[in-house]
Amino acid sequence: EKLEGPLCQTSGTGRCCLVPWGWRRVIGLLVAAVLLSAITVWVLQQVSVGWPQPTLPPKCLLVPESHRFDCYPERRVVVTQELCESRGCCFIESPPPAGGKRGVPWCFYPPDFPSYTLESLNQTALGMVGLLVRREKAYYPRDIEMLRLDVEFETDTRLHIKITDAANPRYEVPLEVPRAMKKAENPIYSLDFSWDPFGVLLRRRATGMVLLNTTVAPLIFADQFLQISTSLPSKFLYGLGEHRGPLLHSMDWNTLTLWARDVSPMESFNLYGAHPFYLLMEEGGDAHGVFLLNSNAMEVALQPAPGLTWRTIGGVLDFYIFLGPDPNMVIQQYQQVIGFPAMPPFWALGFHLCRWGYGSTGGPDSQKFASLPSLVEDLHKHGQHYVMILDPGISSTNPNGSYWPFDEGLRRGLFLNTTQGQTLIGQVWPGFTAFADFSNPDTHQWWLENLQRFHAHVPFDGLWIDMNEPSNFLDGSEEGCPPGELDSPPYTPAVLGDSLSAKTVCASAKQKASVHYNLHNLYGLMEAKATASALMQIHGKRPFVISRSTFPSQGRYSGHWLGDNQSQWKDMYYSIPGLLSFSLFGIPLVGADICGFSGSTSEELCTRWMQLGAFYPFARNHNTQNEKAQDPTVFSPAARTAMKDVLLTRYSLLPFLYTLFHRAHLQGDTVARPLFFEFPQDVTTLGLDRQFLWGRSLLVTPVLDPGVDSVTGYVPRGTWYDFYTVRSTAALGWGRMVPGSSMNSSGEMVKMSAPLDHLNLHIREGAILPTQKPGTTSEATRRNPLCLIVALSSSTSAWGDLFWDDGESLDTFEQGSYSYVVFNVTQVGCSGEGRGVPHIFGVQEPPSKVLLNGQEKPFSYLDNQVQLHLRVPCPGESPSLGVSIPPLLGFSLQWL
């Protein structure tokens with residue numbers, strides 16, 4: 001079936017109808033009326049200020065400032081009227097914004113700027129295929145005149161739209177994605193097309209909300225410049241990493257660049273990773289997400305309309321749209337495409353401590369690290385683990401035949417090459433270096449052999465892969481970069497350094513899969529994949545990998561830390577939107593360097609940061625060389641106690657945290673979670689990024705400012721229970737822990753007491769948290785009894801779960817080698833499977849009796865706390881306190 005016409009409206013079923021020409025005439029009359037009104041207003045304005053020379057075309061005056069899509073986005077260029085009009089665009093000067101930021105574009109597209117026409121549209125088994133034709137050249141070289149449009153209705157909540165060259169193959173990201181086997185039967189979206197100019201209009205069926213409208217600016221598809229714009233239904237947009245800034249992006253003429261770069265985190269610049277995915281909250285609490293599967297240098301321009309423009313300099317336009325409808329479901333649907341994150345080993349959720357500049361292993365050896373093997377052996381004896389840092393730059397300066405990694409890599413041809421076929425040499429920490437080509441499968445085997453050789457001497461447990469943007473102390477190589485349109489493309493996005501080769505390798509460098517121009521943003525992902533595979537083969541267990549550079553699907557192979565931050569209060573704040581953004585990107589194992597990497601911390605800052613960092617999914621204190629130490633032992637007794645207490649709190653919650661990671665691995669749930677994920681209809685939560693949740697039920701409200709003993713945080717509607725109020729190191733998280741008061745919130749900002757030794761934690765009503773008596777290591781903690789904390793809802797109900805396995809074996813869930821326990825509380829009691837001490841918050845009146853498996857047991861009730869504390873000990877505790885519950889047997893608990 002061939003469908004042709006001026007405007008085609010297409011539903012999720014692929015049916016198509018034409019808009020009557022009568023409506024087109026009505027639309028034309030309305031546009032003419034608006035145009036005349038705009039001209040009248042403009043004329044009256046000019047009479048008061050004097051006429052400009054030359055006069056402006058009326059069509060340009062029709063475009064409101066907020067809807068002006070940039071026709072001349074080049075940086076470092078003074079855009080004149082002559083330059084602008086040479087592109088066929090409108091030119092209107094606007095006052096520049098303060099601070100040197102970009103504002104309203106002076107050069108913008110007129111409504112009639114030539115674009116593509118949808119020449120034909122045919123039905124396919126999964127959707128539609130169409131042909132797009134451009135009859136007038138745009139202004140970048142090598143316009144592609146005919147494009148292929150593929151539309152696949154993959155699921156009821158996922159739409160796939162791909163635009164590429166109709167005649168010639170182009171580079172596409174080598175990422176494994178699911179293939180739909182049949183067309184969606186009941187999509188919750190509808191899809192319309194504009195034929196001339198071509199455009200896509202995507203709507204949510206339930207509300208009629210237009211989610212995408214690409215008719216707002218022309219589609220441009222040249223060999224090295226691809227651009228498509230859309231209007232947005234709201235200003236609440238998140239994602240598009242990696243950048244430093246608030247969780248909620250500003251729509252005030254904000255351009256976000258995606259090009260992996262080694263630079264200490266700073267606002268307004270491209271950082272270590274590239275994630276072309278955004279989540280947008282719609283009016284009413286619905287959410288959708290958009291993923292552009294493209295790995296080339298890219299920028300995304302946001303504007304107040306609200307609107308968004310994707311610009312990339314290679315590849316294809318390959319979009320996945322996720323319809324949710326709630327934000328949790330959007331992220332799950334995104335990960336169904338890019339892959340769910342790996343399950344980390346249990347020990348990786350413990351506290352990590354490291355620094356640059358230890359200098360030696362501390363022994364009397366003449367060689368600084370000759371005793372490293374014995375140090376690692378000692379760590380293992382104490383139930384601790386050793387994670388080694390590793391860079392991809394391989395030293396090239398050793399005498400021939402003396403350094404196996406370089407000699408063997410060179411012999412096998414496994415390094416990046418110049419355009420002349422010679423090994424590209426850059427400079428990193430070892431001096432002059434070659435760079436491993438992880439796009440070559442043979443490199444993975446060589447990488448494994450290198451790691452096996454070193455592991456035979458130093459039995460490391462995990463790897464921390466750094467400098468893998470890849471970083472280079474030179475721009476390009478020791479010989480620079482050759483002339484040409486790979487290293488100097490017709491358009492360069494707004495990258496730090498104004499060059500694709502700034503502090504990395506030449507874009508023209510040759511790799512096995514393609515040129516580095518296409519693969520640069522994938523370098524960290526490909527290294528992580530090789531590293532995780534090697535560790536699995538070496539240990540036969542789950543790998544632990546932390547990577548600095550990341551790309552979509554990274555969570556399948558590694559976690560991430562947020563890079564070289566500074567010991568400043570603002571850096572501590574920025575870590576929260578950083579870790580929440582990576583939760584959206586499907587990389588839940590994420591954290592920042594606690595207490596800051598660069599500079600010297602203060603005792604107050606480090607104490608507050610240890611409190612916050614204890615609730616990073618990946619918790620590590622790390623700092624640079626030549627600065628004073630910042631591990632907990634160097635501070636005052638009071639600070640040490642506060643730090644130890646909060647770490648023990650984390651360790652008591654490891655069963656809860658581990659279960660959250662299981663849910664992330666199984667179905668793409670987030671671990672650290674923005675508040676609006678749980679309260680999407682509460683507009684106050686949409687801009688909150690100074691607090692976060694673990695899962696759906698534990699609210700973390702840290703102190704982020706110096707010199708204060710209180711913190712103001714938002715408490716969403718409902719009942720929330722203070723996690724603890726009595727601080728006792730010996731009993732923290734266990735036994736004598738006294739639950740705190742409850743708070744019935746209508747959704748309000750609350751001032752909370754926060755002395756230096758206290759972190760505010762609140763449990764959401766209706767939650768059951770599995771906990772464990774904390775030890776000083778994760779291994780010791782795992783051997784301790786489990787407990788439950790029950791926070792009853794107003795309807796006297798609660799729910800929780802626990803995933804438990806050996807903490808390290810591969811694919812335990814897939815092989816059935818695990819226990820999964822669900823806990824439920826109903827109005828007459830609670831039932832479930834488990835063991836330990838239930839702490840039940842929210843029992844409104846003192847019960848007359850408590851029954852365990854039908855037998856009456858002693859209990860206590862704290863009437864001033866509106867909660868019940870049952871002294872039912874875990875195995876190993878004194879039997880005089882109550883009756884032990886055998887592990888993993890069903891039990892029923894009732895209070896009457």
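- Within the model, atoms CG of L612 and OH of Y573 stand 12.5 Å from one another, a figure rounded to the nearest 0.5 Å.
- The nearest pair of heavy atoms linking E765 to L792 is CB-O, 3.7 Å.
- Here S697 contributes atom OG and Y721 contributes atom OH; the two are 13.0 Å apart, rounded to the nearest 0.5 Å.
- In this structure, S575 contributes its side chain and M572 its backbone to a donor-acceptor pair below 3.5 Å.
- With rounding to the nearest 0.5 angstrom, the CG atom of L605 is 11.0 Å from the OG atom of S600.
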Query raised in the report: Does the side-chain contact (heavy atoms from CB on, under 4.5 Å) test come out yes or no for T649 and L761, once each step is laid out?
Result: CA-CA 10 Å; T649 299; L761 299 173; 4.0 Å; yes
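- Between the side chain of N623 and the main chain of R355, no donor-acceptor pair closer than 3.5 Å is present.
- Between Y724 and H758, the two ring planes are perpendicular [angle over 60°; tilted spans 30° to 60°].
- The two residues V711 and P702 come nearest to each other via the heavy atoms CG2-O, 3.5 Å.
- A salt bridge does not link R717 to E748: none of the charged side-chain nitrogens sits closer than 4.0 Å to a carboxylate oxygen.
- A salt bridge links R244 with D571; the closest basic N to acidic carboxylate O contact falls under 4.0 Å.
- In this model, a donor atom of one side chain and an acceptor atom of the other lie less than 3.5 Å apart for H275 and T550.
- Judged purely by atom type and a 3.5 angstrom limit, W720 has no side-chain atom pairing as donor or acceptor with the backbone of N744.
- Within the 4.5 Å cutoff, side-chain heavy atoms of D806 are placed close to those of T812.
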Report task. Take V715 and H762 through the test side-chain contact (heavy atoms from CB on, under 4.5 Å) and record every step on the way to the result. Result -> CA-CA 9 Å; V715 181; H762 290 87; 5.9 Å; no
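- The cationic atom of R782 (NZ for Lys, CZ for Arg) lies less than 6.0 Å from the six-membered ring centre of W804 and within 45° of the ring axis.
- In the model, E603 has a side-chain atom that pairs as donor or acceptor with a side-chain atom of S636 under 3.5 Å.
- In this structure, C606 and M643 have side chains that are in contact, with non-hydrogen atoms separated by less than 4.5 Å.
- Separation of atoms OG1 (T601) and CD (Q568) is listed at 10.5 Å; rounding is to 0.5 Å.
- The shortest heavy-atom contact between I576 and Q691 is CG2-O, 4.1 Å.
- A distance-only check finds a donor-acceptor pair linking the side chain of Q772 to the backbone of N784 [under 3.5 Å].
- Formation of a donor-acceptor pair under 3.5 Å by the N328 side chain with backbone atoms of F677 is found in this model.
- Put simply, the side chain of D757 does not reach to within 4.5 Å of the side chain of T641, judged on heavy atoms.
- The minimum heavy-atom distance between A791 and I763, with the atom names listed, is CB-CG2, 3.8 Å.
- Comment: E604 does not engage R608 in a salt bridge, judged by the lack of any side-chain N to carboxylate O separation of less than 4.0 angstrom.
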Query raised in the report: Run the salt bridge (Lys or Arg N to Asp or Glu O under 4.0 Å) check on R696 and D669 step by step: do they pass?
Result: CA-CA 10 Å; R696 62 176 302 274; D669 284 5; over 6 Å; no
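- No donor-acceptor distance shorter than 3.5 angstrom exists from the side chain of D631 to the backbone of L353, with no hydrogens or angles considered.
- The salt bridge (charged side-chain N to carboxylate O under 4.0 Å, His left out) search around D805 returns R542, not counting sequence neighbours.
- For the atom pair CD of Q335 and OG1 of T670, the computed distance is 8.5 Å after rounding to the nearest 0.5 Å.
- A donor-acceptor pair is defined here as one N or O able to donate and one able to accept, closer than 3.5 Å; such a pair exists between the side chain of H352 and the backbone of A348.
- What you find for L698 and F615 is that their closest heavy atoms are CD2-CE2, 4.0 Å.
- The ring pair (Phe, Tyr, Trp, His ring centres under 6.0 Å) test with H385 is passed by exactly one of W347, W464, F544: W347.
- In this view, H249 satisfies the side chain to side chain donor-acceptor pair (under 3.5 Å) rule with no residue, not counting sequence neighbours.
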Query - Worked verdict on R673 versus L580 for side-chain contact (heavy atoms from CB on, under 4.5 Å) - result: CA-CA 6 Å; R673 189 172 301 177; L580 295 179; 5.6 Å; no
Report task. I would like to know whether F351 and R650 meet side-chain contact (heavy atoms from CB on, under 4.5 Å); could you show each step before the answer? Result -> CA-CA 9 Å; F351 176 61; R650 176 189 179 90; 5.6 Å; no
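- Side-chain atoms of I546 and S558, non-hydrogen and from C-beta on, never get closer than 4.5 Å to each other.
- For the residue pair W561/Y616, the side-chain donor-acceptor check at 3.5 Å is not satisfied.
- No side-chain donor-acceptor contact under 3.5 Å links D682 and T685.
- Between Y658 and F803, the ring planes lie tilted relative to each other; the angle falls in the 30° to 60° range.
- For the residue pair Q630 and H622, no side-chain donor N or O sits within less than 3.5 Å of a side-chain acceptor on the partner.
- Here the closest heavy-atom approach between residue L247 and residue L688 is recorded as CD2-O, 4.1 Å.
- You'll find the side chain of F635 stays beyond 4.5 Å of the side chain of T607, heavy atoms only.
- Partners of Y714 under the ring pair (Phe, Tyr, Trp, His ring centres under 6.0 Å) rule, at least two apart in sequence or in another chain, do not exist in this structure.
- One finds the CG atom of L693 at 5.5 Å from the CG atom of L699 (value rounded to the nearest 0.5 Å).
- Using a 4.5 Å cut-off on side-chain heavy atoms (C-beta onward), L279 and P327 make contact.
- The side-chain heavy atoms of Q554 and H560, taken from C-beta on, include no pair separated by under 4.5 Å.
- When side chains are defined from C-beta on, I768 does not count as touching W799, because their heavy atoms never get closer than 4.5 Å.
- Listed by first then second residue, pairs satisfying salt bridge (Lys or Arg N to Asp or Glu O under 4.0 Å) with a partner in residues 699-716 read R690-D705, not counting sequence neighbours.
- Each of L802, L769, L654, V671 was scored for a side chain to side chain contact (heavy atoms under 4.5 Å, CB included) with T659, with one residue passing: L802.
- Considering T771, T781, L349, T776 in turn, T781 is the only one that fulfils the side chain to side chain contact (heavy atoms under 4.5 Å, CB included) rule with Y651.
- Every side chain to side chain contact (heavy atoms under 4.5 Å, CB included) that S710 has, sequence neighbours left out, goes to K751.
- No side-chain donor-acceptor contact under 3.5 Å links Y238 to the backbone of M281.
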Requested in this report: Kindly determine whether F813 and Y818 satisfy ring pair (Phe, Tyr, Trp, His ring centres under 6.0 Å), including the steps that lead there.
Outcome: CA-CA 6 Å; F813 176 79; Y818 66 93; 5.1 Å; yes
For residues 583-599, which side-chain N or O atoms pair as donor and acceptor with protein atoms under 3.5 Å away, sequence neighbours left out?
{"residue": "S583", "atom": "OG", "partner": "L579", "partner atom": "O", "Å": "3.1"}
{"residue": "S583", "atom": "OG", "partner": "A672", "partner atom": "O", "Å": "2.8"}
{"residue": "D593", "atom": "OD1", "partner": "R620", "partner atom": "NH2", "Å": "2.9"}

